[in-house]
Amino acid sequence: MLFCLAMTTDSYDLRVCVLASGSSGNCIYVESPTTAILLDAGLSARQTLLRLNKAGLNPDKLRAICISHEHSDHSTGVARLHKKYGWELYANSDTARAVDRAGLLSWNLFRSGSPFAIGDIDILPFSLPHDAYDPVGFVLRRGNARIGVATDLGIPTQLARQQLRGCQLVVLEANHDEMLLQSSPRPWALKQRIRSHQGHLSNMAAAEMLVDIAGDTLQKVFLAHLSRECNDLGLALRTVRRHLAEAGLDHIHVLPTHPDRHSEFAHC
Ligand SMILES: [Zn+2]
Ligand SMILES: [Zn+2]
């Protein structure tokens, strides 16, 4: 069994730091010993560099940005980061078209469901149910290390479960608490959108999905994309930890992510 540890000095195949998470911007840093990439670039270019700096990460190591879908909280910084630092852009064609309507950027196009590699990191984009053109999650592999990322999904589909099974580390959305969403002053249509099959996962749905995919490989989970108005970090962590403990999975570390600062590091 492989263990993902929150230490930065040991050797690792893959190392992760969530630079930002939530509707104000999403950006995840993943590196192997030789290659670094970003998953999404939903912060401004300036903020992205500041966060990298604060996390003690060297931007010169970065090679590429893989974009999950076109929503601005995942793509705001893409054009500027690409132009300023030359980081290559990866997306499927519908997402690339939606992010770059004028066709000014140069893209490496992938197909949802078809693996590709950036340096020594193998990447499999897989389809997620969300209200975007062709949204994807990612499974990243190097050696035996396997990391899954799914940050915007309305329901935990069979395909998503299948892809996240066997990962040692997962970044999974825990967007809202059902009760807080229900009692929030948000317009009814927006509540319906969030709850829909194309919307976002609740804390409970994330917890149930984690129990289902854990197997004996899952060691560490980052809870991502928490709603500011309809969730609470303590509540999300408690809900997921309790659910895992009830299923005999209390060895799994459940870690927070933040909209305004980077997470801790995890590696496997
Ligand atoms: Zn989205
Ligand atoms: Zn989002």
Side-chain angles (χ1 to χ4, degrees), residues 1-19 26-41 48-49 51-53 55-68 74 77-78 81-82 84-92 95-96 105-128 136-151 160 162-172 213 215 217-222 224 255 257 262-268:
M1 190 185 295
L2 287 160
F3 292 92
C4 292
L5 305 169
M7 296 159 62
T8 58
T9 48
D10 288 357
S11 65
Y12 59 87
D13 276 309
L14 292 172
R15 191 164 84 122
V16 177
C17 177
V18 180
L19 296 178
N26 295 276
C27 187
I28 302 174
Y29 176 93
V30 182
E31 68 177 350
S32 72
T34 59
T35 305
I37 62 173
L38 295 179
L39 302 180
D40 290 329
T48 307
L49 263 288
R51 298 279 171 105
L52 286 166
N53 225 325
L57 296 165
N58 179 4
D60 293 343
K61 190 178 172 183
L62 273 161
R63 284 186 48 177
I65 308 170
C66 299
I67 299 146
S68 65
H74 298 260
V78 164
L81 288 168
H82 173 63
K84 195 159 180 203
Y85 300 101
W87 300 338
E88 293 177 28
L89 302 181
Y90 288 77
N92 57 38
T95 297
L105 307 174
S106 113
W107 293 88
N108 297 279
L109 297 178
F110 61 70
R111 281 170 184 272
S112 304
S114 298
F116 61 96
I118 301 174
D120 58 356
I121 305 177
D122 293 325
I123 302 169
L124 174 66
F126 60 94
S127 290
L128 288 176
V136 296
F138 298 103
V139 172
L140 302 109
R141 309 174 81 138
R142 181 177 181 272
N144 289 320
R146 183 169 163 145
I147 292 171
V149 177
T151 60
Q162 203 182 318
Q163 297 301 343
L164 298 185
R165 261 180 216 128
C167 291
Q168 294 103 30
L169 193 156
V170 164
V171 182
L172 182 66
I213 62 158
T217 49
L218 186 63
Q219 296 295 321
K220 190 159 279 202
V221 174
F222 281 111
L255 301 170
T257 61
H262 68 84
S263 71
E264 68 179 82
F265 285 84
H267 71 256
C268 50

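Please read these numbers as outputs of a predicted model, since none were measured by experiment.
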Is it true that a side-chain atom of [X] and a backbone atom of [Y] form a donor plus acceptor pair closer than 3.5 Å?
{"X": "Ser263", "Y": "Val18", "result": "yes"}
{"X": "Gln168", "Y": "Asn144", "result": "yes"}
{"X": "Arg165", "Y": "Ile213", "result": "no"}
{"X": "Asn108", "Y": "Leu89", "result": "yes"}

For [X] and [Y], which heavy atoms make the closest approach, and how far apart are they?
{"X": "Thr257", "Y": "Ala224", "answer": "OG1-CA, 3.5 Å"}
{"X": "Ser112", "Y": "Ser127", "answer": "CB-OG, 3.7 Å"}
{"X": "Ala160", "Y": "Leu128", "answer": "CB-CD2, 3.9 Å"}
{"X": "Leu19", "Y": "Ala55", "answer": "CD2-CB, 4.3 Å"}
{"X": "Cys27", "Y": "Asp40", "answer": "SG-O, 3.4 Å"}
{"X": "Gly166", "Y": "Arg146", "answer": "O-CD, 3.6 Å"}

Hey, are the side chains of [X] and [Y] touching, using non-hydrogen atoms and a 4.5 Å cut-off?
{"X": "Ile123", "Y": "Arg141", "result": "no"}
{"X": "Leu39", "Y": "Leu140", "result": "yes"}
{"X": "Leu14", "Y": "Ile121", "result": "yes"}
{"X": "Pro59", "Y": "Trp87", "result": "yes"}
{"X": "Val149", "Y": "Val170", "result": "no"}
{"X": "Tyr29", "Y": "Leu62", "result": "yes"}
{"X": "Val171", "Y": "Val221", "result": "no"}
{"X": "Pro33", "Y": "Tyr12", "result": "yes"}

Exercise for the section: Return the set of residues passing salt bridge (charged side-chain N to carboxylate O under 4.0 Å, His left out) with Asp120 (not counting sequence neighbours), or none when no residue passes. Expected result: Arg142

Once you round to the nearest 0.5 Å, how far does [atom1] of [X] lie from [atom2] of [Y]?
{"X": "Tyr90", "Y": "Ile67", "atom1": "OH", "atom2": "CD1", "value": "11.5 Å"}
{"X": "Thr217", "Y": "Leu164", "atom1": "OG1", "atom2": "CG", "value": "10.5 Å"}
{"X": "Leu218", "Y": "Cys167", "atom1": "CG", "atom2": "SG", "value": "8.0 Å"}
{"X": "Ile118", "Y": "Thr35", "atom1": "CD1", "atom2": "OG1", "value": "8.5 Å"}
{"X": "Ile37", "Y": "Cys66", "atom1": "CD1", "atom2": "SG", "value": "4.5 Å"}
{"X": "Phe222", "Y": "Ile147", "atom1": "CZ", "atom2": "CD1", "value": "9.0 Å"}

Practice task
Go through Val139 and Phe126 one step at a time and tell me if the side-chain contact (heavy atoms from CB on, under 4.5 Å) criterion holds.
Solution key: CA-CA 8 Å; Val139 172; Phe126 60 94; 3.8 Å; yes

Practice task
Using the test side-chain hydrogen bond (donor to acceptor under 3.5 Å, both in side chains), find all partners of Trp107 that sit at least two apart in sequence or belong to another chain.
Solution key: Asp100

Completion exercise
Which of Asp60, Leu49, Ile65 passes side chain to side chain contact (heavy atoms under 4.5 Å, CB included) with Tyr85? It is Leu49

Handout entry: Centroid-centroid under 6.0 Å between Phe110 and Phe116 rings
Key = yes

Practice task
Please list all pairs passing the salt bridge (Lys or Arg N to Asp or Glu O under 4.0 Å) test where one or both residues lie in residues 26-35, with sequence neighbours left out.
Solution key: Arg15-Glu31, Glu31-Lys61

